[in-house]
Enquirer: 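What follows is a single structure, and I will ask about it in a moment.
Keep in mind the model is a prediction, meaning the values are calculated, not measured. One is the number of the first residue; the rest follow in order along the sequence.
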Amino acid sequence: MREKDFKQEGVEKYLWDLNSRVLQANERDRESEAKRPSRWTAGIPASMSPRRSVCWFVLGQLLCSCALALQGGMLFPKETPSRELKVLDGLWSFRADYSNNRLQGFEKQWYRQPLRESGPTLDMPVPSSFNDITQEAELRNFIGWVWYEREAVLPQRWTQDTDRRVVLRINSAHYYAVVWVNGIHVVEHEGGHLPFEADITKLVQSGPLTTFRVTIAINNTLTPYTLPPGTIVYKTDPSMYPKGYFVQDISFDFFNYAGLHRSVVLYTTPTTYIDDITVTTDVDRDVGLVNYWISVQGSDHFQLEVRLLDEDGKIVARGTGNEGQLKVPRAHLWWPYLMHEHPAYLYSLEVTMTTPESVSDFYTLPVGIRTVAVTKSKFLINGKPFYFQGVNKHEDSDIRGRGFDWPLLIKDFNLLRWLGANSFRTSHYPYSEEVLQLCDRYGIVVIDECPGVGIVLPQSFGNVSLRHHLEVMDELVRRDKNHPAVVMWSVANEPVSSLKPAGYYFKLIVFQGLKTSDSPRTGVTALVNYHAPYVDVICVNSYLSWYHDYGHLEVIQLQLTSQFENWYKMYQKPIIQSEYGADAVSGLHEDPPRMFSEEYQTALLENYHLILDEKRKEYVIGELIWNFADFMTNQSPLRVTGNKKGIFTRQRNPKMAAFILRERYWRIANETRGLIQVNQSFVVDDEEKEVQHICGDADDAKLLQHKVQNVGQDSVIAAGALICSYCTRNRAHELCKLSTVPSQDAGAQERGQQLSIQATGWAVTINKACSHFQVRQLKTTHVAHSIAVFKPDRPLRSCLLDISAGSA
């Protein structure tokens, strides 16, 4: 983070210096452009075309102290008895600076008066990217400074209560932002996906105010020293391009959306306040251990009381002071989704601060008690092997671009749970804090990635880039350290690790930025390629039969086997298949499969899965499909309105691959955990019978919603609906079959439109559409056995009926 507190008269000078540095970097790039071999003309060396690429991950218990760390915490703003919150979402005034040097806004000081007085403005929704909101193609691809402004009325108590702080927080401004309040510079920040804030108390309490005006200038230019990097390429041929023509060149495959992507808020605290809370957890037998560190700013004279509450609001542990350990007997652990019948259990850590002057501050932090560790071949959560069955994502949608949107977020989480996914990577940048909060609540495990994507140029491994990269990692850890869902840090995606300075660069990122000796967290790392000795987990991206051997699905299994065996033989460390996939245009069908058809995408996945099933018995600890949904990219002949590797469309409609992956993930979950058993009793002819429903997950405890009819023998005793969305696309008759467990004398047959099975004393019938079932008691007595209703190739989503009866 770069927050510069300097006098107003220094702003213009600093911005000119900043612009000069950018122009000098661009000039150096332009001079070197002519010296590059032809393979660099697209901005990506031929050796880095995405044939087999790598990710760089760092995992840990989430507390970091970086050498370049700035003072201060980054607690999520929320309303408490001592804190107020005002959200500035909605329509902002907006103007792009189309001047040749993009500096007219600074030259004419647009921030000194309302933006509308500087010239024509647009209404721009916040949060959103500005690129897709209008019909102007020039704005969609705009590079340079854009200006946002919003006026709001402040509560009178905020401007008059001198015992109150007022803080302005911008949750995301991509990429470089400068902020003014009522024309006075307050803060600036480099980096597009993490929050920054400024204490504006003196400005809003300096006199009577009728309005509050915040102005934010944002520059989306990327240079070799930004994160992610990029270059400005000047087109100088006067016969082909107008004077001064330039484009932004990037080495990553997603659209560089820009703007205010997340909320801008104002919040208050007392003048003596809780600044930061850090929590780590451990388990000693059945006792949960919650270690806490609390920072208070504004005074050295205060008292702290800490209480830990369970989900029912019952106090389970107490503490005092700014650090300590809480012990929770018979603790409920935080488990990932599908790994336990009660996943994602969260306690509440209530912190109360008081001073001798009767100033109080309150803050509540959700806490999940869990442990993370790695062995030679396993990834362990709470001491049990965890398999990453998940996705890579993007913050990307129609119109909004990268803008935060609650309906879209909830839809995505519903799709993740429908899919049976237990994890995802925040590719290729930090996601919003609200995303991580939902992951904590739902038990979705997160690999938290910084914006280190597209690092391919030698100058991107220099000291300037290193310093900024360390700053970004510090900001990321300070923001996300307390989330139980976050189990791994990702420091870069697909860098050119073969370059000579890369080894030293990433060694410092890993050890200085994330594994400092003064950090109380446990450091577990993941990295690939030439510098895997620094890490504990190897993560590999590969696109077999897509970026090479086009269309030859038959080579996938051999090549994937060699990939895994070579890596494990060299480093003896667990491996995650962190990216794999193929583009598929929704609705395009080809048999035999051909590239870009849905059939080719599913066939490629199935070939990967055969080898993954073999290797996950040994040392492969996860698989993350690329990608969850189609997403936007720059225009090119290789991209038809974006990247189509999603298993869902950009509008979140499933492709065939989504159903293949859903079958697989539910099957793996059933194999790696105990099934959930729900007992119910009913009466037939005054005889109590017990029906046990053993289902794929907690939600599926309702898989058989049966009703009981108190009728005589040889008649229906249980019936109801089967909640089963597997059976789609006219495949129901193939996917729903019945079998007895453990009876050997039962016979199954298809009868008309139904599939049924009979065993001694009982009969179960399920219709061909798999929508309803019946359990019938035959005219026999003393029956005690089980009947299973399941889909052989989808056993995860099964339901076992254990029917035990006395005399009929």
Enquirer: I want to check something: taking the side chain as every heavy atom from C-beta on, are V435 and K393 in contact at a cut-off of under 4.5 Å?
Expert: no

Enquirer: To the nearest 0.5 Å, tell me how far F424 CZ sits from C439 SG.
Expert: 3.5 Å

Enquirer: Yes or no on side chain to side chain contact (heavy atoms under 4.5 Å, CB included) for H483 and Q437, after CA distance, side-chain angles and deciding distance?
Expert: CA-CA 7 Å; H483 288 284; Q437 291 165 4; 4.0 Å; yes

Enquirer: Find out whether P385 and L380 are in side-chain contact, i.e. whether some heavy atom of one side chain is under 4.5 Å from a heavy atom of the other.
Expert: yes

Enquirer: If I compare all heavy atoms of S82 with all of F362, which pair ends up nearest, and what's the gap?
Expert: OG-N, 2.9 Å

Enquirer: Would you check if T271 and T162 make a side-chain contact, meaning some heavy-atom pair closer than 4.5 Å?
Expert: no

Enquirer: Should we count CD of Q160 as having more than 12 external heavy atoms under 6.0 Å?
Expert: yes

Enquirer: If we count only N and O atoms by modelled type, under 3.5 Å, do the side chains of N171 and S263 hold a donor and an acceptor together?
Expert: no

Enquirer: Are more than 12 heavy atoms, taken from residues, nucleotides or ligands other than D300, located less than 6.0 Å from that residue's CG atom?
Expert: no

Enquirer: How long is the span from the CG atom in L333 to the CZ atom in R370, to the nearest 0.5 Å?
Expert: 11.0 Å

Enquirer: Y431 vs H193, test: ring pair (Phe, Tyr, Trp, His ring centres under 6.0 Å). Steps then yes/no.
Expert: CA-CA 7 Å; Y431 291 178; H193 308 279; 8.8 Å; no

Enquirer: Classify the side-chain pair Y387/E623 by whether it contains a donor and acceptor separated by less than 3.5 Å.
Expert: yes

Enquirer: Do the numbers put K78 on top of the ring of Y363, so that NZ or CZ is under 6.0 Å from the six-membered ring centre and no more than 45° off the axis?
Expert: yes

Enquirer: Taking the side chain as every heavy atom from C-beta outward, state whether T272 and D361 have any pair of such atoms under 4.5 Å apart.
Expert: no

Enquirer: Please find the pair of heavy atoms, one from M74 and one from E433, that lie closest to each other, and give the distance.
Expert: O-OE2, 4.5 Å

Enquirer: Is any NZ, NE, NH1 or NH2 atom of the basic residue among R467 and E471 found under 4.0 Å from an Asp or Glu carboxylate oxygen of the other?
Expert: no

Enquirer: Please table the atom pairs, donor to acceptor, closer than 3.5 Å between any side-chain atom in residues 348-360 and protein atoms at least two apart or in another chain.
Expert:
residue, atom, partner, partner atom, Å
E350, OE1, R307, NE, 3.4
E350, OE1, R307, NH2, 2.6
T355, OG1, E357, N, 3.3
T355, OG1, E357, OE1, 3.3
T355, OG1, V359, N, 3.1

Enquirer: At what distance, to the nearest 0.5 angstrom, does CG of L419 lie from CZ of R664?
Expert: 12.0 Å

Enquirer: Let me confirm one number: the OH-CG distance from Y429 to L227, rounded to the nearest 0.5 Å.
Expert: 14.0 Å

Enquirer: Could you check whether E197 pairs with R165 (Lys NZ or Arg NE/NH1/NH2 to Asp/Glu carboxylate O, under 4.0 Å)?
Expert: no

Enquirer: Within this structure, what is the CD-OH distance for the pair E84 and Y267, rounded to the nearest 0.5 Å?
Expert: 14.0 Å

Enquirer: Hey, are the side chains of R479 and L436 touching, using non-hydrogen atoms and a 4.5 Å cut-off?
Expert: yes

Enquirer: Minimum heavy-atom separation for L75 to I277, with atom names?
Expert: CD2-N, 3.8 Å

Enquirer: Can you sort out the partners of Y442 under ring-ring contact (aromatic ring centres under 6.0 Å, His included), two or more places apart, ordered by chain and number?
Expert: F413

Enquirer: If I compare all heavy atoms of D275 with all of G73, which pair ends up nearest, and what's the gap?
Expert: OD2-N, 2.9 Å

Enquirer: Is there side-chain contact between V445 and I381, with at least one heavy-atom pair below 4.5 Å?
Expert: yes

Enquirer: Any chance the side chains of E475 and H189 put a donor and an acceptor closer than 3.5 Å?
Expert: yes

Enquirer: I'd like to know whether NZ of K507 has more than 12 heavy-atom contacts from other residues, nucleotides or ligands below 6.0 angstrom.
Expert: no

Enquirer: Please verify the inter-ring angle class for F386 with F388; under 30° counts as parallel, over 60° as perpendicular, anything in between as tilted.
Expert: perpendicular

Enquirer: Looking at W335 and N382, would you say the former's side chain and the latter's main chain have a donor-acceptor pair under 3.5 Å?
Expert: no

Enquirer: Check N291, T280, D282 against Q325 for a side-chain hydrogen bond (donor to acceptor under 3.5 Å, both in side chains) and give me the one that passes.
Expert: N291

Enquirer: Salt-bridge test for R425 and E579: reply yes if a basic N is under 4.0 Å from a carboxylate O, no otherwise.
Expert: yes

Enquirer: Work out which heavy atom in R478 is nearest to a heavy atom in K481; give both atom names and the distance.
Expert: O-CE, 3.8 Å

Enquirer: Can you name the closest pair of heavy atoms from V287 and K327 and give their distance?
Expert: CG1-CB, 4.0 Å

Enquirer: When rounded to the nearest 0.5 angstrom, what is the spacing between CD1 in I538 and OH in Y571?
Expert: 7.0 Å

Enquirer: Test of understanding: with ring-ring contact (aromatic ring centres under 6.0 Å, His included), list the residues that count as partners of Y292, not counting sequence neighbours.
Expert: none

Enquirer: Pick out which of V477, L476, V487 makes a side-chain contact (heavy atoms from CB on, under 4.5 Å) with D448.
Expert: L476

Enquirer: Side chains of D310 and Y347, heavy atoms from C-beta outward: is any pair under 4.5 Å?
Expert: yes

Enquirer: Are any of the side-chain heavy atoms of Q303 and T320 separated by less than 4.5 Å?
Expert: no

